Amino acid sequence: MQKTQEQLGLIWFRNDLRIQDNPVLSKAVTSGNPLLAVFCFDPRHYEVTEYGFKKTEKYRAKFLIESLKDLKSSLNKIGILLLVYYDKPENVIPTLVSKYDINEIYLQKVWTTEEVKVLNAVKVNLPENVTFHQEYGQFLIHPDDFHIDIENLPKIFTEFRKRVEKQCKVRGEIELSSYKNNFSASEITQIPSLEDLGFKNFETHPNSAFPFKGGETSALKRLEEYIFKSQKLAYYKQTRNGLIGTDYSSKFSAWLANGSLSPRKIYWSVKQFEKEHIKNESTYWLIFELLWRDYFKYSSLKHGADLFKLGGIKQKDLKWNRDEQRLYQWMNGTTEEPFVNANMLELNQTGWMSNRGRQNVASYLSKTLKQDWRIGAAYFESLLIDYDVHSNYGNWNYVAGVGNDPRDREFNVKLQAEHYDGAGRYQRLWLQKTLFE
């Protein structure tokens with residue numbers, strides 16, 4: 001056991017891979033104690049699921065690797081070493097606790113089933129004197145400022161939004177205190193490569209609407225470019241249902257998903273833009289989307305494991321099918337609907353799909369084909385660079401009719417294609433053969 005003169009703290013990074021506005025990092029630094037940081041590439045995240053595809057595919061894996069490289073570099077600048085392992089947290093963390101006599105662990109608060117299970121597995125293998133400091137870091141509206149009893153969370157987003165806008169305020173960003181670490185570990189670890197995780201290296205598809213790299217540095221660059229330099233924010237509401245290119249939407253979701261960017265950073269950047277340039281329906285709409293994101297997180301807090309069950313958070317007893325051929329056609333973009341196929345091919349070849357596309361392909365699978373929506377949600381989880389457990393499963397609940405949609409609507413894919421891709425440009429882009437197929 002390696003002893004330190006002062007009490008050593010361990011920062012356990014998960015989906016909070018940033019320096020700025022990070023309550024976990026701030027809490028750890030404020031302690032004044034020497035610090036060590038760790039991140040685990042959990043092998044379970046790269047295994048094949050019961051549905052026949054990997055839980056995490058190459059696109060999100062590459063984005064995560066890039067994010068960790070950036071985080072490690074940023075932490076080095078403030079003297080904190082980030083150790084990275086390709087192993088289960090319940091193996092890694094108890095070993096570090098024992099080796100370095102760690103008494104304090106700082107981490108982001110999570111509540112979904114798998115994450116809680118892993119946390120409990122870690123705790124079982126630790127001595128009782130280890131204290132966990134958990135901080136909420138994913139929300140726009142902090143749970144302590146959320147003046148609604150979670151059990152009485154509104155069933156409809158509009159009611160939630162109106163109450164939040166009237167009753168709640170967004171906290172300011174957290175400024176990181178000056179810090180000088182006086183601890184260095186003897187460990188030397190390497191961030192895994194794609195090959196280490198079981199993938200072949202690949203080049204980004206030339207038609208990708210998300211050609212960006214992972215990490216806080218890239219996130220802040222995109223924030224500056226989209227909001228202040230190009231001022232595309234001023235037209236967000238008019239372009240947000242686009243299908244082609246990098247600028248029809250903000251593309252912040254991928255960095256939000258792994259915590260390279262905080263929702264508060266976006267919110268206060270929007271407020272700065274409104275003050276310096278223009279305040280309009282588009283600037284409001286980006287905040288509106290952040291509130292949707294919060295709503296899905298609060299909904300998952302309320303409903304727990306029901307989010308992942310066939311009956312969804314409504315616990316509805318609907319008849320679902322499991323037609324392997326239809327599922328295969330949907331996944332591979334060979335259905336009877338060209339608009340669905342184009343979107344699925346884009347997903348398969350880039351790890352990205354527009355919001356409009358996601359709604360249509362999800363409705364087609366769950367409502368038109370009446371297939372088990374959980375398979376679609378798991379497929380999105382596998383491939384989407386911006387996969388977020390709450391938003392993904394919340395949206396699939398919503399579209400499949402087992403969630404928060406009061407109208408239980410079904411998308412008419414043909415009409416949607418005519419409205420949003422009337423000239424067929426998007427469909428031609430992905431349905432034609434490319435060098436990357």
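As the structure is a computational prediction, the values presented were derived from the model and not from experiment.
For the pair Leu261 and Arg222, the minimum side-chain heavy-atom distance is 4.5 Å or more. No side-chain heavy atom of Ser249 sits less than 4.5 Å from a side-chain heavy atom of Asn355. In this structure, Leu301 and Phe139 have side chains that are in contact, with non-hydrogen atoms separated by less than 4.5 Å. Val402 is listed as a side-chain neighbour of Trp373, based on a closest heavy-atom distance under 4.5 Å. Between Thr283 and His277 there is no side-chain heavy-atom pair separated by less than 4.5 Å. Counting only heavy atoms from C-beta outward, the side chains of Phe13 and Ile11 approach each other to under 4.5 Å. For the pair Val340/Leu365, no side-chain contact is recorded, criterion being any heavy-atom separation below 4.5 Å from C-beta on. Counting heavy atoms from C-beta on, the side chains of Leu10 and Glu104 never come closer than 4.5 Å.
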If you apply the rule salt bridge (charged side-chain N to carboxylate O under 4.0 Å, His left out), what do you find for Glu159 with Lys166, and how did you get there? CA-CA 11 Å; Glu159 183 184 343; Lys166 183 178 180 180; over 6 Å; no

Apply the test side chain to side chain contact (heavy atoms under 4.5 Å, CB included) to residues Asn125 and Val97: give CA-CA distance (whole Å), side-chain angles for both, the deciding distance (0.1 Å), then the verdict. CA-CA 10 Å; Asn125 293 324; Val97 166; over 6 Å; no

Stepwise side chain to side chain contact (heavy atoms under 4.5 Å, CB included) check, Leu223 with Ile266: CA-CA 7 Å; Leu223 188 75; Ile266 298 172; 4.0 Å; yes

Walk me through it: do Ile65 and Leu197 pass the test side chain to side chain contact (heavy atoms under 4.5 Å, CB included)? CA-CA 10 Å; Ile65 290 169; Leu197 300 178; 4.0 Å; yes

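The aromatic rings of Tyr387 and Tyr393 lie perpendicular to each other, with more than 60° between the two planes, well past the 30° mark. Ring orientation note: the planes of Phe157 and Phe288 are nearly perpendicular, at an angle over 60° on the 30°/60° scale. The aromatic rings of Phe160 and Tyr295 lie tilted to each other, with the angle between the two planes from 30° to 60°. Using cut-offs of 30° and 60° on the angle between ring planes, the pair His133 and Tyr106 is parallel.
Under a 4.0 Å N-O distance rule, the pair Lys271/Glu274 qualifies as a salt bridge. Look at Asp372 and Arg322 and you find no salt bridge, because none of the NZ, NE, NH1 or NH2 atoms lies under 4.0 Å from a carboxylate O. With respect to Arg264 and Glu173, no salt bridge is recorded, no charged nitrogen being found less than 4.0 Å from a carboxylate O. For Lys232 and Asp247, the salt-bridge test passes: some basic side-chain N is under 4.0 Å from an acidic carboxylate O. Salt-bridge annotation for Lys221 and Glu225: absent, with no side-chain N of the basic residue lying under 4.0 Å from a carboxylate O of the acidic one. Ionic pairing of Asp294 and Lys297 is not present here: no N-O contact between side-chain nitrogen and carboxylate oxygen is shorter than 4.0 angstrom. A salt bridge links Arg171 with Asp145: the distance from a Lys NZ or Arg NE/NH1/NH2 to an Asp or Glu carboxylate oxygen falls below 4.0 Å. Salt bridge status for Lys109 with Asp16: absent, with no side-chain N to carboxylate O gap under 4.0 Å. A salt bridge between Arg358 and Asp386 is present, with a side-chain N of the basic residue lying under 4.0 Å from a carboxylate O of the acidic one. Salt-bridge formation is detected for the pair Lys55/Glu114: a Lys NZ or Arg NE/NH1/NH2 atom is positioned less than 4.0 Å from an Asp or Glu carboxylate oxygen. Under the 4.0 Å criterion applied to side-chain N and carboxylate O atoms, Lys58 and Glu195 are not assigned as salt-bridge partners.
Atom NZ of Lys367 has more than 12 neighbouring heavy atoms from other residues, nucleotides or ligands inside a 6.0 Å radius. Heavy atoms from other residues, nucleotides or ligands lying under 6.0 Å from CD of Glu324 number more than 12.
Side chain to side chain, Gln272 and Ser269 fail the donor-acceptor criterion of an N or O pair below 3.5 Å. Of the N and O atoms on the side chains of Gln315 and Asp306, at least one donor lies less than 3.5 Å from an acceptor on the other residue. Between the side chains of His205 and Gln349, at least one donor N or O sits under 3.5 Å from an acceptor N or O.
Results of the ring pair (Phe, Tyr, Trp, His ring centres under 6.0 Å) test with Phe53 over Tyr379, Tyr46, Phe380, Tyr328 single out Tyr379 as the only residue that passes. When Ile313, Ile156, Asn395, Asn397 are each tested for a side-chain contact (heavy atoms from CB on, under 4.5 Å) with Asn404, only one passes: Ile313. When each of Trp292, Phe146, Tyr136, Trp111 is paired with Tyr298, the ring pair (Phe, Tyr, Trp, His ring centres under 6.0 Å) condition holds for Phe146 and for no other.
Because its NZ or CZ atom is both nearer than 6.0 Å to the ring centre of Tyr248 and within 45° of the ring axis, Lys251 counts as a cation-pi partner of that residue.
Rounding to the nearest 0.5 angstrom, the gap separating the CG atom in Asn15 from the OG atom in Ser67 is 10.0 Å. Summarising the geometry, atom CD belonging to Glu381 is positioned 12.0 Å from atom CD belonging to Glu57; distances are rounded to the nearest 0.5 Å. For the atom pair CG of Leu36 and OH of Tyr100, the computed distance is 6.5 Å after rounding to the nearest 0.5 Å. Atoms CD and CG, from Glu151 and Asp149 in turn, are 6.0 Å apart once rounded to the nearest 0.5 Å. Here the straight-line distance linking atom CD1 of Ile287 with atom CZ of Arg293 works out to 14.0 Å at 0.5 Å rounding.
Side chain of Lys62 to backbone of Phe202: a donor-acceptor contact under 3.5 angstrom is found. Here the side chain of Ser31 pairs a donor or acceptor atom with the backbone of Ala28 at under 3.5 angstrom. Between the side chain of Thr350 and the backbone N or O of Glu346 there is at least one donor-acceptor pair closer than 3.5 Å.
Taking each heavy atom of Trp255 and Lys213 in turn, the nearest pair found is NE1-O, 3.0 Å.
When ring centroids are compared, Phe39 and Tyr85 stay outside the 6.0 Å threshold.
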